[in-house]
Each structure stands twice: as structure tokens, then as C-alpha cells.
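Working notes, structure below.
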Amino acid sequence: MQKVTSFSPNETENFARLLGEKLKGKEVVALFGELGMGKTTFVRGLARGLCIDVNEISSPTFSLVHEHSGKIPLYHFDMYRIETYYDLCSTGFFDFLELKGVLCTEWSENIENVLPKDTIRITIERGKSEHERILTIVGDEYYENSWS
Ligand SMILES: Nc1ncnc2c1ncn2[C@@H]1O[C@H](COP(=O)(O)OP(=O)(O)OP(=O)(O)O)[C@@H](O)[C@H]1O
Ligand SMILES: [Mg+2]
């Protein structure tokens, strides 16, 4: 486990970029954290690390998944509305797991029981001041070291 403090959206993006640069494809990055904590901001940084155009990154709240092509593709899910196993299946989540890209999920709280064992878990919590966020990464040491 590694913990870092971010004091701005830019810093959050930057921590995410450092992780993104280490990804090779097939990883699952699961984001946990309340409304407006910076999950989509984090995905923007991940995309940057994967050399994907970050202007394309927005919350896939209604479409549930955004697919971004790149040398390593990024599949960006928003699980906010996922309540049942049937809902989850209909997003294509399990099909995307078989593909070569990086799969990233917002609102992972809603699908925690189906996350693969080697999932990289990122939790974003509020800090003391308005723009402060505590980012925690739990996963293989190789990924945790992105921030050390
Ligand atoms: N240190 C920080 N890191 C990330 N975002 C921050 C930080 N400080 C302030 N913010 C603000 O918090 C908001 C985060 O928005 P973002 O859409 O990334 O959150 P989210 O967790 O994806 O929200 P949602 O639950 O609606 O999907 C932005 O308005 C951003 O400017
Ligand atoms: Mg979001």
C-alpha cells in the first residue's frame, strides 16, 4: 500500500500518469471514492500515461463505457448505475476483460465482488482542505512503486 496527498486536480492527474506509464495492457484499475473526489480526473492522467488524447476523457455515466484507442487501449467504465449482475454483464465488462487494453472502473464499490484478484485499487478520499485528496494505491509492488 502507498499513500500520497494531492493538492490539485493537476497533481492527481500527475500521480495517475505515473501509474499509466507503467501499464502494459490487461490491467484492471479500480477507482473507489465518493462523488466528485477526482476519479475521472485520475482517468485523464492514466490516459495521458498511455499516450491517449485526454480531451476525450469524461465520465461515461450514461454510456457506461468509453473505449479509447491507443498503442494500449483504455476501457473506461462508470459503475455508478450498476446494481445487479445482469446490469454488469450488459455493459460488456467481462468481454472487455478479455481484450488487450487497460480496464478502468469508476464507482468500483458497486462491482467489488467481481474484480479480478490482481486488480490495482485506487481510493480517493477528501483531505483536510478543499482541494486536498488522499490517494491510496493497493496492488502489486511494481505498481505501488509508481508513487515512491
Ligand atoms: N486534488 C484534487 N484532485 C482531483 N480533483 C480535485 C482536486 N481538488 C479539487 N478537485 C476538483 O474535484 C472535482 C473532481 O471531479 P471528477 O469528475 O474528477 O470527480 P469524480 O470522482 O469522477 O466524480 P463523479 O463521482 O461524479 O464521477 C473537479 O471539479 C476538480 O476540479
Ligand atoms: Mg467521474
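One-based numbering, in listed order, for ligands and for the atoms of each.
Side-chain contact between Val29 and Val43 is absent, with no heavy atoms from C-beta onward closer than 4.5 Å. Taking the side chain as every heavy atom from C-beta outward, Pro9 and Thr12 never approach each other to under 4.5 Å.
Every atom of ligand 1 with a heavy atom of Ser59 under 4.0 Å away is listed here by number and element: 27 (O).
By the definition of a contact as any protein heavy atom under 4.0 Å away, atom 6 (C) of ligand 1 is in contact. For atom 29 (O) of ligand 1, the protein comes within 4.0 Å by no heavy atom at all.
Within the sub-2.8 Å shell of the Mg ion (ligand 2), the protein contributes these N/O/S atoms: Thr40 OG1, Ser59 OG, Glu106 OE1.
Ligand 1 has at least one atom lying under 4.0 Å from a heavy atom of Trp107. Glu11 does not count as a contact of ligand 1, since none of its heavy atoms falls under 4.0 Å from the ligand. Within the 4.0 Å heavy-atom shell around ligand 1 one finds Ser6.
Scanning the protein heavy atoms around atom 17 (O) of ligand 1, the nearest turns out to be Thr40 CB, 3.7 Å. Regarding atom 31 (O) of ligand 1, its nearest protein heavy-atom neighbour is Pro9 CG, 3.4 Å. Protein heavy atom in closest approach to atom 13 (C) of ligand 1: Gly36 O, 3.6 Å. Here the protein heavy atom with the shortest distance to atom 4 (C) of ligand 1 is Thr12 OG1, 3.4 Å. At the top of the distance list for atom 19 (O) of ligand 1, counting protein heavy atoms only, stands Gly38 N, 3.1 Å. His131 ND1, 3.2 Å is the protein heavy atom nearest to atom 9 (C) of ligand 1. Atom 25 (O) of ligand 1 has its closest protein heavy atom at Lys39 NZ, 2.8 Å. For atom 27 (O) of ligand 1, the closest heavy atom belonging to the protein is Glu106 OE1, 3.1 Å.
By the side chain to side chain donor-acceptor pair (under 3.5 Å) test, Thr123 is found to be paired with no residue, residues two or more places apart in sequence or in another chain being considered.
Between the side chain of Glu106 and the main chain of Tyr80, no donor-acceptor pair closer than 3.5 Å is present. Under the 3.5 Å distance criterion, the side-chain polar atoms of Lys39 are left unmatched by any main-chain donor or acceptor of Ile124. Judged by distance alone, the side chain of Arg81 and the main-chain N or O of Asp78 form no donor-acceptor pair under 3.5 Å.
No option in Glu27, Arg121, Lys22 other than Glu27 meets the side-chain hydrogen bond (donor to acceptor under 3.5 Å, both in side chains) test with Tyr143.
Within the model, atoms CD1 of Ile122 and OG1 of Thr136 stand 8.5 Å from one another, a figure rounded to the nearest 0.5 Å. In this structure, Leu23 CG and Leu19 CG are separated by 4.5 Å, a value rounded to the nearest 0.5 Å. Atom CG of residue Asp95 and atom CG of residue Leu103 lie 11.0 Å apart, to the nearest 0.5 angstrom.
Cluster annotation: Val138 and Phe32 are assigned to distinct hydrophobic clusters (Ile/Leu/Val/Met/Phe/Trp/Tyr, side-chain heavy-atom contacts under 4.5 Å, transitive). Hydrophobic clustering of Ile, Leu, Val, Met, Phe, Trp and Tyr side chains at less than 4.5 Å, counting indirect connections, keeps Leu74 apart from Phe94.
Of the N or O atoms in Arg133, one or more lie within a sub-3.5 Å distance of an N or O in ligand 1. Some N or O of Met37 is nearer than 3.5 Å to an N or O of ligand 1, by distance alone. For ligand 1, the polar-atom distance check finds no N/O of Glu132 at less than 3.5 Å from any of the ligand's N/O atoms.
Two rings, from Phe93 and Tyr85, have their centers 6.0 Å or more apart.
In this structure, of Thr41, Val43, Thr5, the residue bringing a heavy atom nearest to atom 15 (O) of ligand 1 is Thr41.
Remark: Arg48 engages Glu13 in a salt bridge, criterion side-chain N to carboxylate O under 4.0 Å.
Contact annotation: for Leu35 versus ligand 1, heavy atoms closer than 4.0 Å belong to both the backbone and the side chain.
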Full working for ring pair (Phe, Tyr, Trp, His ring centres under 6.0 Å) between Phe77 and Phe96: CA-CA 10 Å; Phe77 283 80; Phe96 278 96; 5.4 Å; yes
